[in-house]
Structures are given as C-alpha cells and as structure tokens.
K.L.:
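Could you have a look at this structure, given as structure tokens, before my questions?
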Amino acid sequence: MQNAQVMQKRLILDTFLLDITVNRLCQHLIENHRTFDETVILGLQPRGIHLADIIHKKLEKLVHQKIELGYLDTTFYRDDFRRRDSPVKANATKVPFIIEDKCVILVDDVLFTGRSVRAALDAMIAFGRPRQVELLVLVNRKYNRELPISPDYKGIDVNTIESQRVLVELEAQGFESNKIWLINKEV
Amino acid sequence: MSQLSQKHLLGIKDITREDIELIFETAENFKEVINRPIKKVPSLRDITIANVFFENSTRTKLSFELAEKRLSADVINFSSSNSSVKKGETLLDTVNNILAMKVDMVVMRHSSPGAPHFLSRHITANIVNAGDGTHEHPTQALLDTFSIHEKFGSLEGLKVAIIGDILHSRVAISNIFALQKLGAKVMVCGPNTLLPKFITALGVKVELDVMKALQWCDVANVLRIQLERQHIKYFPTLREYSLYYGINKQMLQSLDKEITIMHPGPINRGVELNSDVADSEQAIILDQVENGLAVRMAVLYLLAGVN
C-alpha cells in the first residue's frame with residue numbers, strides 16, 4: 001500500500017529471558033548494596049512503576065527485609081513543556097518518605113534521550129538531598145542520548161534509530177505476558 | 001485528553017465536562033506537590049503572569065499569586081486603585097501596556113460582567129477570569145466542585161443547595177454551570193428579592209425556606225450577603241436576614257442526615273453562618289481554600305500548555 005504506515009514488530013526479549021534479566025538486575029543490586037537499610041527505590045511514572053514493583057517484590061523476598069518504594073512523576077519538571085505538540089498528562093507522585101542522605105535507585109523501563117531522567121533528578125530533590133543516586137533501566141537504547149546520562153544497571157542494550165520504538169509489555173500493565181518488542185515504523 | 005479545549009478560562013459556561021475533569025486530575029497532582037517539603041515546581045519558569053485586579057480581592061489574589069509562584073512563573077501585580085485607570089485610561093489600553101512588557105498570561109478581576117470576554121477578542125495572551133462583576137467566577141466554582149468531588153468521589157446525582165444572595169453572586173452562577181456539567185442537581189435558596197427573576201431557566205430548583213433546602217441537599221454552599229453590590233434595600237435588616245436564612249448547629253442537628261457545609265469566604269459570622277457551624281466537622285471551608293491553590297495551579301499550568 002502506498003503511503004500507508006507499515007509497523008514491523010520484532011521480539012527482542014521473551015518472557016523467559018526477561019525473567020532472567022530482572023533476576024540478574026536484582027542480584028546486581030544486592031551485590032552493590034548488601035543491606036537496603038539506607039536504600040530506597042523510586043519508579044518513574046508512568047511506565048517505570050511496574051518494573052519498580054517487580055524489582056521491589058523480588059528484592060524484599062531475596063534479602064528478607066522491607067524496602068521503601070515510591071513513585072515519582074516528572075511531568076511538572078519536564079524541559080519540553082509548551083514545546084511539544086500535545087502536553088504530557090500528569091500522574092500521581094507517591095513518595096511517603098524523606099530521601100535525605102539515602103541511596104536512591106531510580107527505575108524506568110526504557111532509557112532513550114535521558115530527558116526524563118534529568119527531570120526525575122530535579123523532581124526527586126523536592127523530597128530531600130540523597131547521598132547517592134543510581135539509575136536502573138530494563139532497556140538501554142544506545143545512540144539516542146541527548147544528555148550525559150547513563151544507567152548503572154541495565155537489562156539489555158538495544159541499538160536503535162530514532163524512528164524505532166521499544167515497547168515493554170508487562171503483566172502488571174495488563175498484558176498477557178512479559179515481553180519486549182522493537183517496533184519499526186516505515187512510511 | 002491532556003489539553004484544555006479553550007485558550008482562556010473566561011467562564012464555566014465555555015468549558016466542557018472533560019475540561020473540568022482534566023483540571024481536577026491535574027489539581028490532585030498539584031495538591032500532592034503543595035504538601036511536599038519543597039512546594040515548588042519549575043513548570044512555568046519561562047512565563048510571566050500579570051494579576052490585573054480592577055476590583056478589591058484578598059484571598060483570590062493571594063491564592064492566584066501563590067499558585068503562580070509555586071509554578072515558578074514571574075508575577076507582576078496591578079490594582080486599579082493606584083493606577084492610571086484613575087487618570088482615564090481604557091481597559092484595553094491598560095492591558096495592552098502591560099502586555100507590551102511581554103506578559104504571557106493575564107489573571108483579571110473586573111466589576112463589569114464580560115470584561116475578560118471583551119479582552120479575549122483583542123489580545124493573544126491567555127486570560128483567566130478571576131471574577132467579572134455579577135457574571136462568573138470560574139476558579140471558585142472549580143475549587144468548590146473539586147472539594148465536593150474530593151469528599152464524595154463523584155458529583156453524579158448529588159444534591160447541592162446554594163443558599164444566600166444569588167442575585168449578586170458570580171460564585172452562584174459559575175457553581176450552577178459546574179455542578180450541572182458534572183451531573184449534580186442544584187437548588188438555589190434565598191429571599192425572593194435576592195433570587196434572579198429567571199433563574200429557573202438555568203434548570204435549578206428554587207426554594208424560599210432554608211430548612212426545606214437543608215433537608216433536600218447533601219451539600220449546602222452558603223454565600224455571603226454582598227452589601228457592596230446592593231444599592232437598594234433587599235431585606236429590612238441583617239438581623240432579620242440572619243433570623244430567617246442564617247444557619248446554626250441546631251438546624252443541622254434537626255436533620256436526619258449529616259450534610260456538608262461550604263462557604264467561598266469571607267464569612268460574615270452570625271449572619272449567614274453561625275460559628276458553631278463554620279467551625280464544625282461538617283464544614284469544609286478551609287479545605288476549599290487549600291484546594292483553591294491546587295485548582296488554580298492546575299488551571300494556569302493547563303492554559304499555559306494550550307497550543
């Protein structure tokens with residue numbers, strides 16, 4: 001069909017491998033943090049919160065202790081407000097603890113331009129001055145960074161071009177199974 | 001939907017139910033922001049807002065100014081009492097002079113109904129109506145309905161009575177539009193002389209007996225007698241008004257249900273509300289003030305985002 005948009009979907013991580021990846025990320029976190037007394041997890045709205053939930057649950061089970069979990073919305077801190085075609089809708093922030101002097105692990109599903117993480121660093125400061133901040137992402141999209149930001153923990157590296165999209169499907173979001181897709185948009 | 005359908009907030013009449021719901025959702029997020037240790041967000045850091053008040057205001061002006069500052073906007077204030085309006089300048093000239101200083105948004109209060117609508121036809125900046133005469137006061141209606149929404153979860157089918165000086169009240173008109181758009185049933189109650197003649201055309205019930213109104217409603221929004229707008233006598237004395245329309249604790253206790261009491265402020269204690277009601281658990285008057293800040297932040301933020 002002429003001028004029609006053809007979507008090509010390629011599976012880059014299936015349910016089995018995704019589970020192994022998330023387990024590896026948890027083990028890596030334990031290796032670096034040992035005890036989570038001074039560590040808190042902040043999932044970034046809207047899509048990072050589901051991954052944060054999964055990691056939080058697995059970690060609590062593995063280390064047998066309670067770990068603080070919060071959700072951070074970056075909408076009001078974005079640098080593209082009034083510069084986008086349509087504004088981003090705000091989501092709830094739930095950080096019922098102070099992060100002063102804590103080690104914060106920011107969790108998001110995909111790291112792309114790095115601008116959401118920059119906004120998150122800004123948003124986070126409203127809850128105190130953390131001792132250290134780390135970034136955990138499931139998918140690290142290489143070659144698209146617009147800011148000097150890189151993840152401390154990453155599930156997989158994906159080589160992408162700007163017209164491609166990475167789609168993370170998690171059961172917690174209502175999908176049938178956990179999968180990660182690479183979508184090509186060809187016009 | 002993540003964007004308002006209008007570039008200005010001139011009145012509730014002009015906006016849709018979806019607009020109101022978007023404002024509520026955004027206000028919920030801002031309410032969380034204003035309860036943080038650091039209550040400021042950088043969203044409007046590149047925006048300048050002029051608060052242009054041609055009529056006196058204390059809480060609305062304070063609320064708008066604080067909302068603007070919480071959003072990191074640059075704020076300039078103008079009030080007609082010490083301005084060149086006194087020297088004979090027209091409204092349009094005054095505002096155009098302010099806009100020449102590269103102002104992006106105007107929050108305006110004016111004693112003439114329709115003044116912000118007139119302005120919206122001549123300027124490109126976003127306009128927020130902070131009250132135009134006896135016409136509309138949209139942000140007050142939004143914060144009132146937001147407060148009801150917060151308490152009851154939904155306004156669908158809820159019975160709300162607006163009691164007091166309906167004739168001179170822009171709060172009443174904006175509330176009627178907002179409540180009806182959100183599915184609530186509305187009654188107005190007051191002495192015959194303080195009810196607009198054709199108010200039933202808006203689809204509201206009319207009641208002259210305050211006790212019957214209280215028995216009917218789930219929420220009573222009690223309004224102040226606006227003596228400054230009354231150029232003739234609408235009732236013999238304030239004492240008599242208070243006797244027939246003032247709400248006290250005994251009246252609320254005689255009802256077979258617990259209703260919620262609201263008031264847009266400023267309260268004339270002992271006239272429309274007794275202190276035992278205004279300070280009771282049933283009153284959500286101070287919640288309204290807190291919500292006012294969150295709702296105004298939402299309105300300014302969303303209007304700034306309209307392309």
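So you know, we letter chains A, B, ... as the sequences are listed, proteins then strands, and number each from 1. Please read all numbers here as calculations on a predicted model, not as lab measurements.
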K.L.:
Who are the ring pair (Phe, Tyr, Trp, His ring centres under 6.0 Å) partners of A:His33, not counting sequence neighbours?
P.N.:
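Listed in chain order: A:Phe36.
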
K.L.:
Donor-acceptor check, side chain of B:Ser2 to backbone of A:Val88, threshold 3.5 angstrom: yes or no?
P.N.:
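Not confirmed, B:Ser2 side chain does not pair with A:Val88 backbone.
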
K.L.:
Other residues, nucleotides and ligands only: do more than 12 of their heavy atoms fall within 6.0 Å of NZ on A:Lys89?
P.N.:
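Atom NZ in A:Lys89 is packed in, count exceeds 12.
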
K.L.:
Does any heavy atom of chain A fall under 4.5 Å from the side chain of B:Ile47, the backbone, both, or neither of them?
P.N.:
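The side chain, not the backbone.
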
K.L.:
For atom CD of A:Glu146, is the number of surrounding heavy atoms from other residues, nucleotides or ligands below 6.0 Å larger than 12?
P.N.:
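For A:Glu146, atom CD is crowded (more than 12 foreign heavy atoms under 6.0 Å).
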
K.L.:
Does CZ in A:Arg118 sit with more than 12 non-hydrogen atoms of other residues, nucleotides or ligands closer than 6.0 Å?
P.N.:
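Correct, the count exceeds 12.
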
K.L.:
So which residues of residues 20-39 of chain B are in contact with chain A at a heavy-atom cut-off of under 4.5 Å?
P.N.:
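So far as heavy atoms go, B:Leu22, B:Glu25, B:Thr26, B:Asn29, B:Phe30, B:Glu32, B:Val33, B:Arg36, B:Pro37, B:Ile38 are the residues that approach chain A to under 4.5 Å.
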
K.L.:
Take B:Asp46 and A:Arg83 through the side-chain contact (heavy atoms from CB on, under 4.5 Å) test and state the conclusion after the steps.
P.N.:
CA-CA 12 Å; B:Asp46 53 354; A:Arg83 290 166 180 83; 3.2 Å; yes

K.L.:
Which residues, numbered in order, of residues 124-134 of chain A come under 4.5 angstrom of chain B by heavy-atom distance?
P.N.:
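The residues closer than 4.5 Å to chain B, in numerical order, are A:Ile125, A:Ala126, A:Phe127.
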
K.L.:
Could you tell me the separation between the OG atom of B:Ser72 and the CZ atom of A:Phe76, rounded to the nearest 0.5 Å?
P.N.:
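Answer rounded to 0.5 Å: 12.0 Å.
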
K.L.:
For B:Phe152, give me all partners under ring pair (Phe, Tyr, Trp, His ring centres under 6.0 Å), at least two apart in sequence or on another chain.
P.N.:
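If we apply the ring pair (Phe, Tyr, Trp, His ring centres under 6.0 Å) test to B:Phe152, skipping adjacent residues, there are no hits.
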
K.L.:
With a 4.0 Å cut-off, would you call B:Arg45 and A:Asp79 a salt bridge?
P.N.:
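No, this pair does not count.
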
K.L.:
Classify the ring geometry between B:Tyr301 and A:Phe81 as parallel (under 30°), tilted (30 to 60°) or perpendicular (over 60°).
P.N.:
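Parallel, since the angle between the ring planes stays under 30°.
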
K.L.:
Please indicate whether A:Gln65 has more than 12 foreign heavy atoms, meaning atoms of other residues, nucleotides or ligands, lying under 6.0 Å from its CD.
P.N.:
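Yes, CD of A:Gln65 has more than 12 neighbouring heavy atoms, counting only those of other groups under 6.0 Å.
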
